[in-house]
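Written out below as structure tokens is the structure these notes cover.
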Amino acid sequence: MRDDLALMISGIPVQARIQEYAATSMNLKTRDEIYSAMVVYGFLSYDNGKVSIPNKELMEHFEEMLQKEQSLGYICRLSQVSQRMLAATRSCDTKTMLEILEYAHNTESPLLEYNSEIELTAVINLVYLAARDTYRVEREDKAGGGYVDFIFYPFDKTDDCIILELKVDGTPESAIRQIKDRKYALRFRGRSGDIAPFTGRVLAVGIAYDRKTKKHACEVEIL
């Protein structure tokens, strides 16, 4: 269930078997029974065999819980370093960013096998969880000539804007090149002749993971 929470906080629905009888039980023992009750009471939504967090308000409650509830283990620990990760990104401190990513990789999480970008996405979402206090964080948002993995819209429009692209078995340089080639930064620039809605710096962040060497790499570039 901890792994499921990491995915759902990232906006990724997880498979579940919803059982109506479980909702009235006071003795919930299995994962599916717990999710069944959560669906009935409105904490999760259920569609096409998957459960997800249904709205922004509940997402905020889940985010707060992840940063405080020690029983959630590695998920709580990763979310607690998220303020430091955001600060390192904004100062282009890739050494600290790598230190945090390696710390994440050394947890007991099965998600850290990184068999696909889904697992990497979930972990990156956790280590940037604190960013949601000052940013509207969108995943796979339409920007420029494609869809960017993460885009951070600052609530203060004079603050840094962040575009984050992930690569499994790739390089951070190729991630930043994609950000440039597909003109993702146009999302912050406004239309021709208009005043740009965001006036702060735009940071292009590339994060990569090599499954053979088990190593991360990252780069930050000011566009």
Looking at [atom1] of [X] and [atom2] of [Y], how far apart are the two atoms once the value is rounded to the nearest 0.5 Å?
X: C218; Y: L98; atom1: SG; atom2: CG; answer: 3.5 Å
X: Y209; Y: K214; atom1: OH; atom2: NZ; answer: 4.5 Å
X: C92; Y: I222; atom1: SG; atom2: CD1; answer: 4.5 Å
X: Q178; Y: E173; atom1: CD; atom2: CD; answer: 13.5 Å
X: I53; Y: L5; atom1: CD1; atom2: CG; answer: 7.0 Å
X: D149; Y: N125; atom1: CG; atom2: CG; answer: 11.5 Å

So, are [X] and [Y] salt-bridged, with charged N and O less than 4.0 Å apart?
X: R136; Y: E138; answer: yes
X: D210; Y: K215; answer: no
X: R84; Y: E99; answer: yes

Would you say that [X] contacts [Y] through its side chain, given a criterion of any heavy-atom pair below 4.5 Å between the two side chains?
X: E165; Y: I176; value: no
X: M38; Y: V51; value: no
X: V202; Y: I163; value: yes
X: L223; Y: Y184; value: no
X: K167; Y: S174; value: yes
X: M85; Y: T96; value: no
X: L129; Y: Q83; value: no
X: I124; Y: F150; value: yes

**Request:** Would you tell me whether Y35 and R17 have side-chain atoms, one donor and one acceptor, within less than 3.5 Å of each other?
**Result:**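 The answer is no; no qualifying pair exists.
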
**Request:** Return yes if a side-chain donor-acceptor contact under 3.5 Å exists between S52 and S45, otherwise no.
**Result:**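 Short answer, yes.
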
**M8/L44 under side-chain contact (heavy atoms from CB on, under 4.5 Å): CA gap, chis, key distance, verdict** = CA-CA 10 Å; M8 286 191 283; L44 295 176; 3.9 Å; yes

**Prompt:** Quick one: side chain to side chain contact (heavy atoms under 4.5 Å, CB included) partners of N55, sequence neighbours excluded?
**Reply:**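 N55 satisfies side chain to side chain contact (heavy atoms under 4.5 Å, CB included) with E57, L58 once adjacent residues are dropped.
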
**Item:** Results of side chain to side chain contact (heavy atoms under 4.5 Å, CB included) for Y135 - residues two or more places apart only
**Value:** L86, R90, A131, V137, F152, P154, D159, D160, I162

**Request:** Would you indicate whether Y46, at its atom OH, is surrounded by more than 12 heavy atoms from other residues, nucleotides or ligands within a distance under 6.0 Å?
**Result:**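 Above 12, so yes.
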
**Item:** Heavy-atom pair with the smallest gap, counting every atom of V168 and R211
**Value:**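 Heavy atoms only, the tightest pair is CG1-NE, 3.6 Å.
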
**Message:** Minimum heavy-atom separation for G206 and P172, please, with both atom names.
**Reply:**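 Scanning both residues completely, I find the closest heavy atoms to be O-CB, 3.3 Å.
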
**Asked** Would I207 and E219 satisfy side-chain contact (heavy atoms from CB on, under 4.5 Å), going step by step from the backbone distance to the final call?
**Response** CA-CA 7 Å; I207 294 178; E219 292 290 338; over 6 Å; no

**Item:** Full working for side-chain contact (heavy atoms from CB on, under 4.5 Å) between S82 and Y128
**Value:** CA-CA 5 Å; S82 59; Y128 279 100; 5.6 Å; no

**Message:** Go through it in stages, so that I can follow the logic: the residues are D93 and S91, the test is side-chain hydrogen bond (donor to acceptor under 3.5 Å, both in side chains), and I'd like the CA-CA distance, side-chain angles, deciding distance and then a yes or no.
**Reply:** CA-CA 5 Å; D93 181 1; S91 61; 4.8 Å; no

**Prompt:** How about Y153 and F188: are their ring centroids closer than 6.0 Å?
**Reply:**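 Close enough - the centres of the two rings lie under 6.0 Å apart.
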
**Message:** Closer than 3.5 angstrom, by distance alone: can the side chain of D32 be matched with the main-chain N or O of I18 as a donor-acceptor pair?
**Reply:**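 Answer holds: no.
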
**Under 3.5 Å donor-acceptor, E221 side chain and V205 backbone** = no

**Asked** Do D4 and R31 pass the salt bridge (charged side-chain N to carboxylate O under 4.0 Å, His left out) test, and can you show the C-alpha distance, the side-chain angles, and the key distance before you say yes or no?
**Response** CA-CA 10 Å; D4 290 345; R31 168 185 176 275; 2.7 Å; yes

